[in-house]
Asks: 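The structure follows.
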Amino acid sequence: TIARLLSLKADLSNIGPAVNLVVAQRLVRKICSRCAGSKTVDAQILAQLKKELRNLPKNIKIPALGPELKVPQAKGCSFCNQTGYRGRVGLFEAFLVDDEMEKIILKNPPLGVLREEAIKKGMITMYQDGLIKILEGKTTLEEVERVTGNE
């Protein structure tokens, strides 16, 4: 959002004070409720989940990440037109522009620095939100990776 406003020639000194919240969203296909299966995750995916979800804010509750963890698997039926998916669900990331973030924005940092600071302040990334939605049984890892570009 900040980069886009700058590309539109917005004055940097106006961006921080004018923006209260920055939100990004992508839609992923939702697992079909009629034919959804599940599979036990392999060790590599389990390690990936643990790595990506290790620094979540304390108020975010997720299931135990153990070797018995099962995640949704798309199968396909007549209800979902043999795709395994029906409907969509949003993946989000958002950060609040408080006084500290406003000062950082005014320094015009690289986007990576801004992102790191937002994560330090408790932002859940879109990819992490997708992983949480997988653990909630709403979508699949393949779908989250396809939409977020993480692999």
Side-chain angles (χ1 to χ4, degrees), residues 1-10 15-16 18-98 101-102 104-105 109-151:
T1 300
I2 305 303
R4 180 69 178 133
L5 289 170
L6 287 172
S7 74
L8 292 171
K9 307 289 187 225
I15 294 173
V19 176
N20 295 322
L21 179 71
V22 176
V23 180
Q25 137 188 327
R26 298 282 185 280
L27 295 176
V28 293
R29 295 179 297 171
K30 203 162 141 182
I31 197 87
C32 177
S33 60
R34 294 198 184 168
C35 68
S38 64
K39 63 181 179 182
T40 304
V41 296
D42 63 35
Q44 182 182 358
I45 293 173
L46 183 60
Q48 177 185 354
L49 288 169
K50 285 181 179 181
K51 177 184 172 219
E52 294 295 332
L53 297 174
R54 73 180 178 275
N55 293 325
L56 285 179
K58 301 293 182 224
N59 61 331
I60 305 297
K61 303 296 181 217
I62 59 171
L65 301 176
E68 70 289 339
L69 180 68
K70 292 188 181 288
V71 295
Q73 181 175 22
K75 288 190 174 183
C77 66
S78 60
F79 183 67
C80 64
N81 212 15
Q82 305 305 324
T83 63
Y85 300 96
R86 180 143 176 127
R88 303 226 180 231
V89 65
L91 304 184
F92 302 93
E93 65 183 27
F95 72 87
L96 187 63
V97 180
D98 59 10
M101 286 301 283
E102 186 177 326
I104 292 169
I105 291 169
L111 291 179
V113 172
L114 196 58
R115 183 176 179 78
E116 285 174 20
E117 190 60 34
I119 290 169
K120 283 181 196 172
K121 292 180 147 293
M123 180 180 84
I124 297 170
T125 67
M126 200 177 302
Y127 184 59
Q128 288 174 321
D129 188 38
L131 296 178
I132 293 167
K133 298 245 171 32
I134 292 166
L135 296 175
E136 292 172 344
K138 294 180 180 177
T139 192
T140 62
L141 181 60
E142 295 79 17
E143 183 67 0
V144 169
E145 289 177 343
R146 180 185 72 80
V147 170
T148 63
N150 288 72
E151 292 185 31

Asks: Near K133 NZ, under 6.0 Å, is it more than 12 heavy atoms from other residues, nucleotides or ligands?
Replies: yes
Asks: To the nearest 0.5 Å, how far apart are CD in E117 and NZ in K121?
Replies: 6.0 Å
Asks: If you count every heavy atom of other residues, nucleotides or ligands that lies below 6.0 Å from E68 atom CD, does the total exceed 12?
Replies: yes
Asks: Test side chain to side chain contact (heavy atoms under 4.5 Å, CB included) on V89 and V28 and set out the steps.
Replies: CA-CA 6 Å; V89 65; V28 293; 3.5 Å; yes
Asks: I'd like to know if the side chain of K138 and the backbone of L135 have a donor-acceptor N/O pair within less than 3.5 Å.
Replies: no
Asks: Just checking, is any N or O donor in the side chain of K70 or T40 under 3.5 Å from an acceptor N or O on the other one?
Replies: yes
Asks: Consider only side-chain N and O atoms of T1 and R4, and report whether a donor and an acceptor are under 3.5 Å apart.
Replies: no
Asks: State whether the side chain of E143 and the backbone N or O of R29 hold a donor-acceptor pair below 3.5 Å, judged by distance alone.
Replies: yes
Asks: Can a donor-acceptor pair be found, under 3.5 Å and without considering hydrogens, that links the side chain of N81 to the backbone of T83?
Replies: no
Asks: Which is it for V71 and L141 under the side chain to side chain contact (heavy atoms under 4.5 Å, CB included) test, yes or no, and what are the steps along the way?
Replies: CA-CA 8 Å; V71 295; L141 181 60; over 6 Å; no
Asks: Between CD1 of I124 and CZ of F92, what distance do you get to the nearest 0.5 Å?
Replies: 12.5 Å
Asks: Below 4.0 angstrom, N of the basic side chain to O of the carboxylate: do E93 and R115 qualify?
Replies: yes
